[in-house]
Amino acid sequence: MRRRAAIAALLTLLALIVASAAVKAQARSGPVEAVVTDERGKPVADAIVTLTSPGTPAPATPRVTVVMDQHDKEFVPHVLPVYIGTPVSFPNRDNIRHHVYSFSSPKKFELPLYIGTPAAPVLFDKPGVVALGCNIHDWMLAYIYVVTTPYFAKTAADGKGRLDGLAPGTYEARVWQPRMRGGTDKTAQPVTLAAGELAQVAFVVSLKAEWRVPRAPDSYKGAQGS
Amino acid sequence: MRLHSFRSFRGRLVAVFVGLFAVILATCFLVVAVTVRASARHEIGEELRLAGTLFVRQLESRSQQLVAATRLLSGDFALKTAAATADQETTRSVLANHRQRIEADVLMLVSPEGSIAADTRQPGRLGAAFPLSRLLEEADQAGEASRIAVIDGGLYRLAIVPLLAPVPIAWLCAGFAIDDRSAADLRRLTGLHVSFLRRQDSGFTMHASTLDGADRDELQRGLAAARTAGVIKLGGHPHVIRAEPVSDEVLVVLQRPLAEALQPYDSLFTTLLAVGSAGLVLALVGAVAVARRMSRPVRELVRVARQVSAGDFGTAVSVGRRDELGELGTTFNQMLAGLRDRERVRAALARAEGLKRFFSPQLAEILSAGDESVLASHRREITVLFCDLRGFTAFADTADPEEVMRLLRDYHETVGALISRYEGTLERFTGDGLMVFFNDPVPCPDPAARAVRMAIEMRDAVQRLLEEWRRRGHALGFGTGIDMGYATVGRIGFEGRFDYAAIGTVTNLSARLCQEAGDGQILVSQRVYAEVESLVEAVPLGALTLRGFTRPLIAFSLLRLRADGPEARQLSAKDEQPLAREQTG
C-alpha cells in the first residue's frame, strides 16, 4: 500500500511541476531594468523599485526568511526590501552584543543585548519603512522596507536594478530611497511589459542630506592605558 | 621791603618768575589731564570691548556645554522609547525627570513638523507651533542648534538636538533660564554689571540684570540713544557700557561706573596736583630768594644815589660781585669819585672867587690852593706904598653923595688896575687912601722898583683923573709915600674878622711920608731911593721930622723915570728906529 501512495505522490508532484513550469513558461516576459538617478544624474544606490499591478492581488508567494546581518558593528545590508509577511532574522556575527530596536510604526520591536542569533526571526507583517538602530552603537542604522508586492529590486551602486519573472501587462512602478524627498506614491509611473522585451523604467529622485552619527573610534587605538 | 607791592622791582621779579612757572605748570597739567583723560577713556573702552568679547565667548562656551548635556540626554533609550511609543503623561513625566538630570528649566519635545509634542511647562502647550522654527531648520542642517532666545516672554538659553531612534523622530529642546541669578553668576566672571535686553520695535525690554530698580529702567530707556559702546547716566553717575549681540534680538550689556574705572587716573591727577603745588611753592621761595639777591645791589645803588643827591659825596657802593651789577657798582663809585673831585674843585674855585673879592688875588690864590701857612706871622723885607687923595674930606662934605661915590669908583678903578698889573698886595682900603706892599705873600725880585714905577704911573693916571674934577672947582690932590724894610706879616684879628697885615716901622714911615706928600708928590725914603737911583730922577728933600720918629729922616721926591733908565733906553730904542729910518730914507 505504501508503495502505491508514494508513486502517486511522486506523479502528482511531477504533474504539478510540469504544470507550474507550463504556467511559468506562459507568464514570463522580458526583464525590467530600472535606473534611479538624482537630479544631477548621479546614480542612486539602495533605491527600492517596486512594480505593482493595481487591481490584481499579489500572488501568494512562499516567504523565505531573510537575514539582516550585523557585522563589525554595522547592519548589513543598509536597506533590505522584504515582501510583506517575511520573517527577518538578525544574526549577530560580532563578538560583542548588540541591542537592535525599532520604533517605526510598521514594526516596533527590540532585541535587547544579545549575541549570536536570536531564537525566532521577527515577522514584518505591515507595509512601510522600518528604521533599525542599535541602542549601544548610535551609528548603526538600517532600513527594512516592507513592500506589498513580490516584484521589487534594489539598485546597486550604478543605480540600476533588475526585475524578473513578471508577466506581460501594465504595472505601476514606484521607487523608495531612505533619503528621498517626498512620498513613494508620488513616484508612481506606469510601465508596460511586453513579452520577450526588455522594459526600462527610470526614476529621478531628489535626495536630502542624511545626517549620520559618526562611528566611534575603537577605544584601544591611541588610548594611553587605563 | 615792599615784597607785596607789584610796583617794586623785586615784587615784579617774583611775580614774573612765579607767574611763568605757574603758566608752564598749568599748561603741562592741562595737557597731561586732557591726554590722560582721553587715554583713560580709550583704555576703559578697550577694556570693556575685550570684556565683552570674552563674555560672549564664555556664553557660547556655556551654550556648547548645555548642548552637549542635552545631546547626552537625547541618547537615553527610555526617553526614546517613551517619545516613540508612550502616552502623553508618561512622556511628560520622563521629560520632567530628565530635565532635572541636566538642571534645565524647561524641556520640550518638538515633532519633526515643528509642533510641540510635550512640554515640562504648562501642560496646555501641546500642539502649538514651536516658536522658533528657524532654530529647528538650523538644527536640521547642522545636527544641533543653540540660541539665546525669548520663549513666551522668558529669556532662555536653548539647546536643540535631534532625538535619534535611530532616525530623528523628534527634537529635544532644553531651555536654561537667564534671570537675575544667572546674571549675578556671570558678573563674577568679569566684575562688570551684566544686563540682558531684547530689542523690539518700541525699544528695549530688560530680561535679566545685576542692576537694581531704577537703574534697570534707566538702562532700558537710555540704551536706545547710546551706541554699541558709550556712556550712559544711571542714577546720576556716568557708566561706561558695551553692548554685544548674542542673537538677533538679544544683546548683553556690560557696564562699569566711570568713576570706578577712572579711579586710578584720579589718584594720578591728585599726585600730579600735589607735585605741582609743591613745585609752585618751591618756585615761589626760589623766586623770592633770587629776586632779593638781584635787587640788593640795585637797592644799594639807590641808597647811595639818594645820599649823593642830598650832597654827600663821601659814600660808596659796596661791590661784592663780578657780574654786570658789580661792574655797575664799580662804575658808580668811579663816577662818585669824579663827582667828589669836581665838587672839591668847584668848592675851591668858589672859595677862591669868594676870597678874591676880599683878599688880594695872590693871597686868594694861595689860600684857595689850600696853603694857609702864609697866614701865620712871618718876617719879610717888604716895600710899602701909601697913597691918598688930598682934600677929599672937604670934597666929601660939599659934594653930592653921588659925586663922591663916582669919584671914589673912578679912583679905585684906576689905582686898582695898576695894583693888579704890578702885582702888589693891596693890604687895605681906607676910603680915599690905600696901602700896597710888595714881596709878600708872593716874593718878587724887584719890589722897590715895582713900587716906584707903580707910584709914578698912579700919579700920572690920577692926575689926569683929578683934572676933570678940578675943572669943576674941587680942590683935590694925590700924594704917595714909599718905604722899604722888615715887617711882621700875617693874619691879625679875631674869629670872624681877619685881616692880612704887615706890622712894622716900614708901614709907619711910608704912611708918614704919604701924609707929608703934597699933591702930585711921591716921597720915598733913603733906602728906597738907594734901590731905585738908577731908575728915577729925584729931588732930595733933606731930613724930615716926622711924627712918631725920634730922628729926622732923609726923604726924596720922585719926579719922573730917568730918560736913560732901562725903560727910557727901551723907549729911546723905539725912538731911534724911526730916526734911523729917516737917516736912510
Side-chain angles (χ1 to χ4, degrees), chain A residues 46 68 70 73-80 90 97-114 126 128-146 176-184 206-216, chain B residues 64 67-92 94-95 98 101-102 109-115 117-118 133-146 159-173:
Chain A
D46 288 336
M68 171 63 84
Q70 290 158 82
K73 297 180 224 135
E74 293 286 359
F75 286 114
V76 181
H78 180 58
V79 177
L80 180 69
F90 295 89
R97 290 171 197 261
H98 289 287
H99 179 161
V100 180
Y101 72 96
S102 173
F103 294 123
S104 307
S105 45
K107 190 69 187 181
K108 292 186 175 44
F109 74 100
E110 213 183 314
L111 299 173
L113 283 174
Y114 72 98
K126 290 205 188 72
V129 180
V130 177
L132 304 170
C134 173
N135 189 30
I136 56 171
H137 302 107
D138 294 335
W139 65 86
M140 282 175 68
L141 172 68
Y143 296 91
I144 292 177
Y145 190 40
V146 185
W176 177 85
Q177 213 271 353
R179 290 162 52 203
M180 187 177 78
R181 260 189 251 270
T184 183
S206 170
L207 299 178
K208 54 184 175 189
E210 189 190 43
W211 190 84
R212 294 284 298 273
V213 176
R215 193 186 156 98
Chain B
Q64 284 304 310
V67 165
T70 312
R71 182 180 299 286
L72 211 63
L73 208 61
S74 76
D76 184 62
F77 192 65
L79 178 60
K80 289 187 200 179
T81 315
T85 63
D87 54 286
Q88 210 358 263
E89 284 297 308
T90 312
T91 311
R92 199 153 48 77
V94 170
L95 283 182
H98 284 32
R101 285 189 189 174
I102 59 168
L109 269 181
V110 181
S111 70
E113 293 77 38
S115 63
S133 54
R134 267 223 319 267
L135 200 59
L136 293 179
E137 278 166 34
E138 205 181 298
D140 203 17
Q141 294 278 337
E144 67 183 34
S146 76
I160 294 187
V161 294
L163 203 62
L164 296 172
V167 293
I169 60 165
W171 297 106
L172 184 66
C173 176

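Below, chains carry the letters A, B, ... as their sequence lines are ordered, and counting in each starts from 1. None of the values given here were measured: they were computed from a predicted structure.
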(message) Taking CZ in B:Arg134 as the centre, count heavy atoms belonging to other residues, nucleotides or ligands within less than 6.0 Å. Is the count above 12?
(response) no

(message) Would you say CD of B:Gln141 has more than 12 non-hydrogen atoms from neighbouring residues, nucleotides or ligands within 6.0 angstrom?
(response) no

(message) Test of understanding: with ring pair (Phe, Tyr, Trp, His ring centres under 6.0 Å), list the residues that count as partners of A:His137, not counting sequence neighbours.
(response)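 With neighbours one apart ignored, the set is A:His98, A:Trp139.
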
(message) Using 0.5 Å steps for rounding, measure from the OG1 atom of B:Thr81 to the CG atom of A:Asn135.
(response)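 Rounded to the nearest 0.5 Å, the OG1-CG separation comes out at 7.5 Å.
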
(request) Take A:Asp138 and B:Leu164, measure what side chain to side chain contact (heavy atoms under 4.5 Å, CB included) needs, and give me the verdict at the end. (result) CA-CA 8 Å; A:Asp138 294 335; B:Leu164 296 172; over 6 Å; no

(message) I want to check something: taking the side chain as every heavy atom from C-beta on, are A:Leu141 and B:Val167 in contact at a cut-off of under 4.5 Å?
(response) yes

(request) Sort A:Ala131 into side chain, backbone, both or neither according to what part of it lies under 4.5 angstrom from a heavy atom of chain B. (result) both

(request) Heavy atoms only, distances under 4.5 angstrom: which of B:Gly143, B:Gly75, B:Ala83 has the most pairs with chain A? Name it, please. (result)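 So the answer, after comparing B:Gly143, B:Gly75, B:Ala83, is B:Gly143.
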
(request) Please report the shortest heavy-atom distance between A:Phe103 and B:Ala165, naming the atom on each side. (result)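 In this case the closest contact between A:Phe103 and B:Ala165 is CD1-CB, 3.6 Å.
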
(message) For A:Lys108 versus B:Ala84, what's the shortest heavy-atom pair and its separation?
(response) CE-O, 4.0 Å

(message) Which atoms of B:Ala142 are under 4.5 Å from chain A, going by heavy atoms: the side chain, the backbone, both sets, or neither?
(response) backbone

